Amino acid sequence: MKGKRSGKGIVASILLALVLAGIYYYVTLPAINIHNQGFWVFLIGIPVVVLLLISVRQGAVNKRRLKEQKSFKIGIAVIGALVLFLTVGTVLSSPVINAKKYKALISAEERDFSEDIQQIQFDQIPLLDRASAVILGERKMGSMVDMVSQFEVSDLYSQINYQGTPVRVTPLVYASTVKWLTNQKNGIPAYMMIDMASQDTTLVKLAQPIRYSESEYLNRNIYRHLRFRYPTYMFDQISFEIDDEGTPYWVCPVQKYTIGLFGGQTIGRVVLCNAQTGETEDYAIEDCPQWVDRAYPADLLLELYNYHGRLVNGYFNSIFGQKGCLKTTEGYNYIAMEDDVWVYTGITSVNSDQSNVGFVLMNQRTMETRYYAIPGAEEFSAMRSAEGQVQNLGYEAAFPLLLNIGGEPTYILALKDEAGLVKKYAMVNIQKYQNVAIGDTVSECQENYQKLLKSNGISTSVSEESLAVTGTIERIAQSVIDGNSHFYLLLSGREEIFEVQVTDFVEIVRYKEGDSITLTYIEGDPLCTVTGIE
């Protein structure tokens with residue numbers, strides 16, 4: 001009888017452990033995959049719970065007899081084997097014994113800066129950072145009186161390239177559990193879009209609501225929805241994006257391990273989930289649609305490049321001698337280029353000597369990596385230099401981008417006030433970072449920067465970029481900026497607006513509408529900076 005009771009107790013303990021395991025699985029959603037360390041922890045946890053339940057039922061009566069039971073010994077052996085397997089798998093997958101393989105996870109092609117990085121239109125430069133985007137999103141949400149009591153703005157703020165414009169998009173979320181209970185039947189009605197160049201903020205209301213999101217609690221939770229459809233997939237950071245028609249999607253990269261059981265993580269597949277209907281599409285990474293911008297998370301790309309830079313001469317050299325070791329700088333930014341989003345960051349030595357040896361651009365859709373050997377000041381030195389120019393105003397510099405301005409590698413960055421809003425812009429020469437130009441607009445900043453280059457004899461390509469036009473003045477207007485008069489001209493048959501500073505070309509005051517004029521200018525969109533009047 002005791003044996004039967006003991007057998008029933010073991011069966012009951014196993015069943016209870018399986019019920020608890022089911023609850024744990026529903027809450028934590030581990031991938032059923034041998035490459036997932038969380039899955040091994042889940043497997044180890046099941047026999048541990050079974051033994052604990054058996055101990056509670058029988059251990060108090062006779063601990064010695066419990067340890068002699070065959071089932072208890074088998075449980076201990078299973079736990080030990082799983083722990084040993086997990087430990088050995090982790091060691092064999094580590095960079096310590098796979099340095100060459102880790103270094104080869106990403107390859108960086110050295111490219112020519114002047115050929116690749118052409119001057120781009122200012123409406124394509126994402127000068128706002130994420131913190132400023134969050135402030136703009138919250139302000140916009142606060143003005144929506146019909147929604148603000150029920151919904152909040154998610155903190156995702158994915159940066160994408162939408163119809164040639166750099167924007168950040170993020171969905172709304174339920175404001176609380178109670179608000180979820182009262183609104184989940186109708187779903188989430190809108191998402192936020194912020195233009196990272198112009199700062200325009202739009203709440204995009206949807207004809208069909210978002211029903212699958214991070215803020216759902218049950219089966220419509222996006223992570224649970226994905227797990228039940230793809231139980232073996234190990235998902236990396238998912239992002240919220242919109243396609244070319246503005247339809248909201250969840251872009252869900254699937255991890256791929258290439259070194260041992262747990263090492264060499266890259267991205268092997270991408271699952272696209274329609275946030276409105278829950279329908280999914282599964283793509284190999286090389287077949288990912290063109291409109292997708294964030295298949296490779298930025299943190300993963302930086303990690304892969306750091307393996308590439310640090311392990312150049314083996315693992316132990318990366319710890320001790322550090323000969324030839326490079327790393328990415330502490331910050332990064334994004335730039336829209338070639339209809340994709342690229343992660344930008346500087347490359348410096350591991351000794352952190354406050355200078356860069358170059359920089360990289362990494363494509364978030366394809367993992368293509370381009371290296372540019374441009375030595376100069378690292379980004380934080382440039383940020384401090386720009387802040388020094390406006391120290392009386394107390395503005396804070398955002399992390400910069402490296403662009404081609406007047407043929408010169410140049411940091412361009414936004415300067416923000418205490419409220420986090422962009423007030424001015426700065427351009428800093430990467431090789432002579434004491435040369436800083438400030439402007440209230442990007443166009444004005446560029447104009448001041450090119451004058452600075454010319455006066456310091458740094459650039460000879462500014463004049464070569466000037467164009468010429470002759471036409472009749474259709475309209476002329478005047479404005480005063482920082483105490484200086486600016487004239488704005490429209491010429492018949494031309495869409496451009498030509499800006500003339502009176503301090504440079506005082507003769508402009510003699511012209512009126514209907515007069516013929518010949519201008520040399522630096523092309524803009526649509527504002528062009530006049531560099532000469534004939």
Side-chain angles (χ1 to χ4, degrees), residues 22-23 25-31 133-134 137-138 140-142 144-160 162-163 167-194 201-254 269-283 288-289 291-295 297:
I23 295 172
Y25 179 83
Y26 187 82
V27 174
T28 62
L29 304 172
V134 170
E138 290 177 347
K140 182 67 175 181
M141 192 64 199
M144 308 302 295
V145 294
D146 58 329
M147 294 186 187
V148 69
S149 64
Q150 302 298 311
F151 300 96
E152 296 175 348
V153 185
S154 169
D155 61 358
L156 287 176
Y157 287 94
S158 304
Q159 181 157 322
I160 64 172
Y162 177 62
Q163 298 181 351
V167 301
R168 284 189 184 265
V169 289
T170 191
L172 303 187
V173 296
Y174 303 108
S176 66
T177 304
V178 173
K179 303 299 172 59
W180 169 75
L181 286 170
T182 56
N183 289 284
Q184 61 90 23
K185 182 178 179 180
N186 296 322
I188 296 171
Y191 62 82
M192 196 74 71
M193 179 189 296
I194 301 170
T201 305
T202 307
L203 184 71
V204 181
K205 297 184 179 180
L206 298 165
Q208 185 178 358
I210 294 172
R211 296 189 179 277
Y212 294 82
S213 71
E214 292 182 311
S215 63
E216 294 286 348
Y217 286 89
L218 300 176
N219 286 2
R220 275 174 24 197
N221 177 276
I222 183 59
Y223 298 105
R224 195 162 289 117
H225 178 67
L226 292 170
R227 175 56 61 234
F228 291 159
R229 289 205 172 192
Y230 304 95
T232 63
Y233 279 12
M234 298 171 290
F235 292 103
D236 208 298
Q237 301 173 20
I238 69 173
S239 62
F240 181 81
E241 293 194 32
I242 56 176
D243 65 10
D244 293 333
E245 287 71 45
T247 303
Y249 277 85
W250 294 101
V251 176
C252 315
V254 181
R269 308 190 66 81
V270 176
V271 173
L272 305 182
C273 178
N274 187 306
Q276 296 169 309
T277 65
E279 297 175 353
T280 59
E281 300 172 89
D282 184 8
Y283 295 93
C288 186
W291 64 263
V292 173
D293 289 315
R294 293 173 59 88

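This structure is a prediction, so every number in the text was calculated from the model and none was measured. Position 1 is the first residue of the sequence; numbering continues from there.
For the pair Q150/L172, no side-chain contact is recorded, criterion being any heavy-atom separation below 4.5 Å from C-beta on. Y249 is not listed as a side-chain neighbour of V292, based on a closest heavy-atom distance of 4.5 Å or more. Within the 4.5 Å cutoff, the side chain of Y217 has no heavy atoms near those of the Y174 side chain. No side-chain heavy atom of V173 sits under 4.5 Å from any side-chain heavy atom of E214. For the pair L272 and E241, the minimum side-chain heavy-atom distance is 4.5 Å or more. Counting only heavy atoms from C-beta outward, the side chains of Y230 and C252 never approach each other to under 4.5 Å. Put simply, the side chain of Q208 reaches to within 4.5 Å of the side chain of T277, judged on heavy atoms. Residues S215 and W180 are not in side-chain contact: their nearest non-hydrogen atoms beyond the backbone lie 4.5 Å or more apart.
Nearest approach of T247 to Q276, heavy atoms of both residues: CG2-OE1, 3.6 Å. Scanning all heavy atoms of the two residues, the minimum distance from P30 to Y25 falls at O-CE1, 3.3 Å. Across D236 and P297, no two heavy atoms sit closer than the pair OD1-CG, 3.5 Å. In this structure, I188 and S213 approach most closely via the heavy-atom pair CD1-OG, 3.6 Å. Annotation for S149 and A175: closest pair O-CB, 4.4 Å, computed over non-hydrogen atoms. Among all heavy-atom pairs drawn from M234 and A31, the shortest one is CG-CB, 3.7 Å.
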**OP:** Walk me through it: do F240 and I210 pass the test side chain to side chain contact (heavy atoms under 4.5 Å, CB included)?
**Re:** CA-CA 11 Å; F240 181 81; I210 294 172; 4.0 Å; yes

**OP:** Starting from the C-alpha separation in whole Å, work towards a yes-or-no answer on side chain to side chain contact (heavy atoms under 4.5 Å, CB included) for V153 and K140.
**Re:** CA-CA 10 Å; V153 185; K140 182 67 175 181; over 6 Å; no

Subject >> Verdict with supporting geometry, R220 and Q184, side chain to side chain contact (heavy atoms under 4.5 Å, CB included) >> reply: CA-CA 10 Å; R220 275 174 24 197; Q184 61 90 23; 3.7 Å; yes

Original post:
For M141 and M147, what are the C-alpha separation, side-chain angles and deciding distance, and is it a side chain to side chain contact (heavy atoms under 4.5 Å, CB included)?
Top reply: CA-CA 8 Å; M141 192 64 199; M147 294 186 187; 3.6 Å; yes

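Residues forming a ring-ring contact (aromatic ring centres under 6.0 Å, His included) with Y157 (at least two apart in sequence, or on another chain): none. For the ring-ring contact (aromatic ring centres under 6.0 Å, His included) test, no residue two or more places apart in sequence or in another chain qualifies with Y162. For the side chain to side chain contact (heavy atoms under 4.5 Å, CB included) test, residues two or more places apart in sequence or in another chain that qualify with Y26 are L218, N219, R224, F228.
The distance from the CG atom of L203 to the CD1 atom of I194 is 10.5 Å, given to the nearest 0.5 Å. To the nearest 0.5 Å, atom CG of residue L156 and atom CZ of residue R294 are 9.0 Å apart. Note: R168 CZ to M193 CE = 13.5 Å, rounded to the nearest 0.5 Å. Separation of atoms SG (C273) and CZ (R229) is listed at 7.0 Å; rounding is to 0.5 Å. Once rounded to the nearest 0.5 Å, the distance linking CD of Q163 with CD1 of I242 reads 7.5 Å. Here the CE atom belonging to M192 is positioned 9.0 Å from the CD atom belonging to E138, to the nearest 0.5 angstrom.
Applying side chain to side chain contact (heavy atoms under 4.5 Å, CB included) to K179 and the options L181, N183, T177 leaves one that passes, N183.
Distance alone, capped at 3.5 Å, is enough to place a donor-acceptor pair between the R211 side chain and the K185 backbone.
Side-chain rings of W250 and Y212 stay apart, their centers remaining 6.0 Å or farther from each other.
Side chains of D282 and Y233: a donor on one and an acceptor on the other come within 3.5 Å.
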